[in-house]
Each structure stands twice: as structure tokens, then as C-alpha cells.
Amino acid sequence: MKGRYVALSHCRGGSISPVLDETTLERFQQDIPVSSLPANFIDAIIITRQPSIEYLWIDSLCTLQGSTEDWEAESAVMADVYLNSLVTISALSSPHSRAGILSQRQTGGSDSAGHPSTGEAKPATSWTSISKTSPASTVTVQAPQKFQSLHNMFPDQVEPLLQRGWALQESLLPSRQLFYSSEQIH
């Protein structure tokens with residue numbers, strides 16, 4: 001997948017409506033009414049449009065739901081979706097698609113650098129390299145000597161997205177990410 005687009009990493013939290021399936025495919029190729037979308041998707045559109053990015057990739061709207069054949073094809077290139085995204089929006093604190101990303105954050109104050117008011121600076125996390133080889137689309141991830149997982153980035157926060165297995169791939173592959181946590185945007 002190439003081009004300027006944003007990818008969304010989020011918790012489905014049960015059934016989502018609407019989704020791309022055999023019954024909605026033709027209609028979705030014409031229009032998807034924003035008013036029919038769950039709050040996470042609407043917020044992701046707002047975030048995507050702020051820097052004038054035209055395209056947003058959301059799994060349930062971009063892969064044919066209920067199709068084993070489409071899932072097998074799309075899951076084989078899922079790493080490319082996140083690897084090639086301009087930025088990935090990670091809805092860390094949203095437990096389900098209807099909760100929203102831009103909802104009110106917990107207030108506890110912060111210092112001038114945006115750290116919690118305890119005065120403790122949170123360490124930055126960086127990944128030393130992510131390389132992709134062709135044509136097999138093998139992805140190799142190498143972490144720094146002192147491995148820092150997403151749980152280490154957000155040690156005092158219990159964020160729903162951090163409980164998802166797919167979130168690891170969705171957080172390691174993008175070169176740029178916006179983490180919307182319960183306390184702040186990272």
C-alpha cells in the first residue's frame with residue numbers, strides 16, 4: 001500500500017457498524033455517511049483532516065468482513081499498511097469503537113514538558129531499526145538494547161489497546177505515531 005494515508009489502531013470492543021462486507025461493498029464505493037460511523041472513526045477522520053490528509057485506513061472499512069479469502073489476502077500485507085502509513089493513530093484509551101478518541105482526558109495537571117505533575121520525566125522510546133525485505137514481505141524488527149514495550153512507555157496507565165495482540169505490530173511498524181492515552185497525547 002503506497003500513498004499519503006493515516007492508519008487507525010484501535011479496539012473494536014464487540015460488533016462495529018457499519019463494516020465493509022458483501023452487502024455494503026457497492027454502496028461504500030460511492031459513499032459512507034459519516035453520521036453512521038462510530039465515535040472512534042469520526043474522531044480519526046477529524047485527526048486525519050487537520051493536516052489535510054485525504055485517506056484514512058480503518059480495518060473494518062478497508063477489508064471485507066466475513067470473507068476468509070479477503071482476510072487471508074489482507075492479513076498477509078497488514079504489516080505494509082502500518083509500515084507505509086504517513087502516521088498511525090493509536091486509540092490507547094478507547095475500549096471500543098463507540099467510545100471516541102478525542103474524549104475528555106483525565107486531569108492531573110502536567111509540567112511544561114507535558115509530563116504528569118509529579119515532576120517525573122517519562123523516558124522516550126525509540127526503535128533502532130525496522131527493515132522490510134522483498135519479495136517475501138518479511139519484516140524484521142530490532143529493538144534497542146534495553147527493550148521498552150508499549151507497557152513500559154505507559155507504565156502507570158492501563159490502556160485497553162495495550163491488551164490487544166495486534167497492537168504490538170501496529171505500534172512497532174509505523175515511523176510516526178500519535179498515541180491518544182487517557183492522560184495525554186504522546
Side-chain angles (χ1 to χ4, degrees), residues 1-50 53-103 130 132-141 149-151 158-182:
M1 194 168 175
K2 302 275 183 199
R4 283 178 42 94
Y5 65 93
V6 172
L8 175 63
S9 177
H10 68 105
C11 290
R12 293 181 87 155
S15 65
I16 297 177
S17 181
V19 296
L20 178 65
D21 60 23
E22 294 289 343
T23 65
T24 60
L25 178 60
E26 190 173 321
R27 183 171 31 120
F28 280 13
Q29 289 173 336
Q30 302 302 314
D31 181 49
I32 303 174
V34 172
S35 61
S36 71
L37 298 174
N40 279 3
F41 298 4
I42 293 171
D43 287 350
I45 291 169
I46 291 167
I47 296 165
T48 299
R49 293 297 170 108
Q50 286 299 315
I53 299 170
E54 190 173 358
Y55 300 105
L56 172 63
W57 186 92
I58 301 174
D59 55 357
S60 60
L61 297 179
C62 295
T63 59
L64 201 57
Q65 305 298 294
S67 168
T68 302
E69 183 179 319
D70 193 60
W71 185 87
E72 288 173 355
E74 293 299 320
S75 64
V77 296
M78 192 65 57
D80 290 335
V81 169
Y82 292 97
L83 186 64
N84 295 320
S85 68
L86 186 62
V87 65
T88 292
I89 298 167
S90 293
L92 293 179
S93 63
S94 182
H96 52 77
S97 63
R98 297 169 310 284
I101 300 168
L102 300 173
S103 60
I130 297 176
K132 184 180 112 176
T133 59
S134 295
S137 292
T138 302
V139 176
T140 303
V141 178
S149 69
L150 282 175
H151 293 283
V158 179
E159 304 291 5
L161 186 61
L162 298 179
Q163 310 309 311
R164 285 187 61 229
W166 280 105
L168 179 63
Q169 170 179 273
E170 295 169 1
S171 67
L172 292 177
L173 294 173
S175 58
R176 287 171 291 283
Q177 277 189 289
L178 289 171
F179 292 104
Y180 284 81
S181 76
S182 57

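Just so we're clear, the structure is a prediction, and the values are computed from it rather than from any experiment. The figures here come from the full heavy-atom set of this structure, side chains too, leaving out hydrogens, waters and symmetry mates. Residues: numbered from 1 along the sequence shown.
Looking at N84, L86, L56 one by one, the single match for side-chain contact (heavy atoms from CB on, under 4.5 Å) with Y5 turns out to be N84.
Not counting sequence neighbours, the partners of D70 by the side-chain contact (heavy atoms from CB on, under 4.5 Å) test are T63, L64, S67, E74. Applying the side-chain contact (heavy atoms from CB on, under 4.5 Å) test to V87 and every residue at least two apart in sequence or in another chain returns V6, R176, L178. For I42, the side-chain contact (heavy atoms from CB on, under 4.5 Å) partners at least two apart in sequence or on another chain are V34, L37, I46. Partners of A39 according to the side-chain contact (heavy atoms from CB on, under 4.5 Å) rule, which considers only residues two or more places apart in sequence or in another chain, do not exist here.
Within the structure, no pair that satisfies the ring-ring contact (aromatic ring centres under 6.0 Å, His included) test touches residues 17-37, not counting sequence neighbours. The stretch residues 72-95 participates, sequence neighbours left out, in these ring-ring contact (aromatic ring centres under 6.0 Å, His included) pairs: W57-Y82.
When all heavy atoms are compared, the tightest approach of P18 to L61 is O-CD2, 3.6 Å. The minimum heavy-atom distance between L102 and D43, with the atom names listed, is N-OD2, 2.9 Å. Scanning both residues, L20 and T24, for their nearest heavy atoms gives CA-OG1, 3.4 Å. Minimum heavy-atom separation, T48 to Y55: CG2-O, 3.8 Å. Minimum interatomic distance between I101 and A44 (heavy atoms only, all atoms of both residues): CD1-N, 4.1 Å.
Counting heavy atoms from C-beta outward, C11 and P95 have side chains that stay 4.5 Å or more apart.
Of the inter-residue distances, the one linking H96 atom NE2 with S15 atom OG reads 11.0 Å to the nearest 0.5 angstrom.
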